[in-house]
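Because only heavy atoms are used, hydrogens play no part in the values below, and waters and symmetry mates are left out as well, while side chains stay in. These numbers come from a predicted model, not from an experiment.
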Amino acid sequence: MKVLVLYFSGTGNTAYVGKYLEKHLKDKDVNVHIASIETVNKSIIAEYDYLIFGFPVYACDLPLFVQDYLKDLPLTKNKMTFIYCTKAIISGNALLHAQDIFEKSGYSTMGIFDISMPGSDGLAFIKKDSYIARKIQKRDFNNIPEANHLIEKLMEVHNSILLGEDINIHKVTMKISVRKKILGKIMMKIYPFFENKIKKKFWVNANCIKCKKCEKICPSHNIKVNETVIFDNKCYLCMRCIHQCPVEAIQIGKHTEGRFRWKGPEGDFNPLNDLKI
């Protein structure tokens, strides 16, 4: 059994879950490979028996750039796919949207999994010694029940295939309440307004050392560092640059200076390691 864990991660949450899945699958002697969509061509999906795909939720949906990546997926017939998302509050229709994209390309989605993680967009605005910051830092991320459930279902599906049994009994579906659907639609409507306002407020203070890390790790290539730091208009609002700046020079307006920064659950997320720059 060959498994590919493929993901996009802005600030480390989705990557952490992906590596959690990798570790626990290897403990079960599964041949598993993990990669970011920023580093591999999606054509490699065809080389694997099972695909696990992960992404962060933006405005109750898949990020637009992830949707673009998933266009023209390698066509297949019933390749088994498991999809997970990381979100702070609600995921809205994000997982169902992802499932629809994969199934239109012939993938058979055997499970969708909604995983709660700290919302990195809001974290940059809270105080470092706030109750929320302390609570997040004390949270135990060594046990992720939803990720355990995904692994359990993948193993059940694989064993059923080997035994010639019906695999559909293991399929994990999702029902979205009316309340969540309404809230999701509201979020999708108002998010672009706040997104456009926030994108225009990125700047750097005097701490900047021109190390160019922000330029190297920006997934949209929106940042250029020369004599000054220039932010273009292609921002995904992934928040990677503000959380990864080694001297906390990147700010959003006047509300993020001296505030909390997030580098994933273990504090060690570094996109340069994924990008191998």
Side-chain angles (χ1 to χ4, degrees), residues 1-56 62-63 65-86 95 98-99 101-103 105-113 115 117 141-144 146-162 167 170 172 216-217 219 238 240 263-266 268-277:
M1 170 171 54
K2 291 180 65 179
V3 176
L4 172 64
V5 180
L6 187 61
Y7 68 87
F8 171 78
S9 189
T11 58
N13 290 332
T14 312
Y16 179 85
V17 174
K19 290 169 184 176
Y20 179 99
L21 293 167
E22 177 194 30
K23 176 184 182 299
H24 289 277
L25 284 169
K26 283 184 175 179
D27 288 344
K28 296 180 180 294
D29 295 321
V30 174
N31 182 358
V32 56
H33 177 68
I34 184 169
S36 164
I37 66 173
E38 297 174 83
T39 63
V40 298
N41 191 298
K42 54 195 164 190
S43 62
I44 71 165
I45 294 173
E47 302 173 15
Y48 294 84
D49 303 311
Y50 301 91
L51 170 66
I52 300 174
F53 188 81
F55 64 92
L62 284 91
F65 58 92
V66 175
Q67 294 182 41
D68 288 339
Y69 177 85
L70 294 178
K71 290 178 181 176
D72 304 317
L73 280 166
L75 296 178
T76 183
K77 284 191 176 181
N78 297 322
K79 181 183 290 292
M80 302 302 166
T81 306
F82 298 79
I83 306 171
Y84 72 90
C85 72
T86 54
L95 284 166
Q99 177 178 313
I101 292 172
F102 276 103
E103 293 191 346
S105 294
Y107 294 76
S108 179
T109 307
M110 295 307 300
I112 51 179
F113 302 85
I115 301 176
M117 298 290 278
F141 292 96
N142 293 313
N143 180 35
I144 306 176
E146 302 90 344
N148 296 338
H149 190 202
L150 190 160
I151 293 169
E152 174 190 330
K153 288 301 172 182
L154 188 152
M155 300 306 297
E156 288 177 355
V157 167
H158 183 66
N159 290 333
S160 289
I161 289 174
L162 294 179
I167 61 173
H170 304 300
V172 179
K216 294 174 182 176
I217 65 175
C238 71
R240 182 183 281 178
K263 294 181 175 65
E266 294 188 330
D268 61 351
F269 177 64
N270 186 349
L272 291 178
N273 294 335
D274 280 348
L275 299 174
K276 297 179 181 178
I277 294 174

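When all heavy atoms are compared, the tightest approach of L73 to S105 is CB-OG, 3.8 Å. For the residue pair V40 and A35, the shortest heavy atom distance occurs at CG1-CB, 3.6 Å. The minimum heavy-atom distance between I167 and V157, with the atom names listed, is CG2-O, 3.9 Å. Between L62 and A98, the shortest heavy-atom distance links the atoms CD1-N, 3.4 Å. For the residue pair E38 and S9, the shortest heavy atom distance occurs at OE2-O, 4.4 Å. Nearest heavy atom pair, residue P219 against residue R240, reads CD-NH1, 3.9 Å.
Here the straight-line distance linking atom NE2 of H170 with atom CG of L154 works out to 11.0 Å at 0.5 Å rounding. One distance of note links CD of E156 with NE2 of H149; it measures 7.0 Å at 0.5 Å rounding. Expressed to the nearest 0.5 Å, how far CG of L25 lies from CG of L150 amounts to 8.0 Å. Interatomic distance, T81 OG1 to I45 CD1, rounded to the nearest 0.5 Å: 8.0 Å. The CG atom of L51 lies 6.0 Å from the CG atom of L6; values are rounded to the nearest 0.5 Å. Interatomic distance, K79 NZ to S108 OG, rounded to the nearest 0.5 Å: 11.5 Å.
Taking 4.5 Å as the limit, every side-chain heavy atom of T86 sits out of range of all side-chain heavy atoms of Y16. Side-chain contact between V172 and F82 is absent, with no heavy-atom pair separated by less than 4.5 Å. When side chains are defined from C-beta on, V30 does not count as touching I151, because their heavy atoms never get closer than 4.5 Å. Inter-residue side-chain proximity for L70 and F53 is flagged as met; some heavy-atom pair is nearer than 4.5 Å. The shortest distance between side-chain heavy atoms of M155 and M1 falls below 4.5 Å. At a threshold of 4.5 Å between non-hydrogen side-chain atoms, the residues P265 and M117 count as touching. Side-chain contact between F269 and N13 is absent, with no heavy atoms from C-beta onward closer than 4.5 Å.
Of the possible polar contacts, one joining the K42 side chain to the K71 backbone as a donor-acceptor pair under 3.5 Å is found. The main-chain N or O of I112 is never found under 3.5 Å from a side-chain atom of K153 such that the two would form a donor-acceptor pair. Side chain of Y84 to main chain of T14: a donor-acceptor pair is present (N/O by atom type, distance under 3.5 Å, no hydrogens or angles).
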Worked check of side-chain contact (heavy atoms from CB on, under 4.5 Å) between L21 and V3 | CA-CA 10 Å; L21 293 167; V3 176; over 6 Å; no

With side-chain contact (heavy atoms from CB on, under 4.5 Å) as the test, would you mind laying out the steps for I101 and Y107 before giving the verdict?
-> CA-CA 9 Å; I101 292 172; Y107 294 76; over 6 Å; no

Going through the distances and angles, do N31 and Y48 end up as a side-chain contact (heavy atoms from CB on, under 4.5 Å)?
-> CA-CA 10 Å; N31 182 358; Y48 294 84; 5.9 Å; no

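Within 6.0 Å of CG in N143 there are more than 12 heavy atoms belonging to other residues, nucleotides or ligands. Few gaps surround NZ on K2; more than 12 heavy atoms of other groups in view lie less than 6.0 Å from it.
Between F8 and Y69, the distance separating the two ring centers is not shorter than 6.0 angstrom.
Salt bridge annotation for K19-E22: absent, with no cationic side-chain nitrogen under 4.0 angstrom from a carboxylate oxygen.
Taking the ring pair (Phe, Tyr, Trp, His ring centres under 6.0 Å) definition, one finds that H24 meets it with Y20, sequence neighbours left out.
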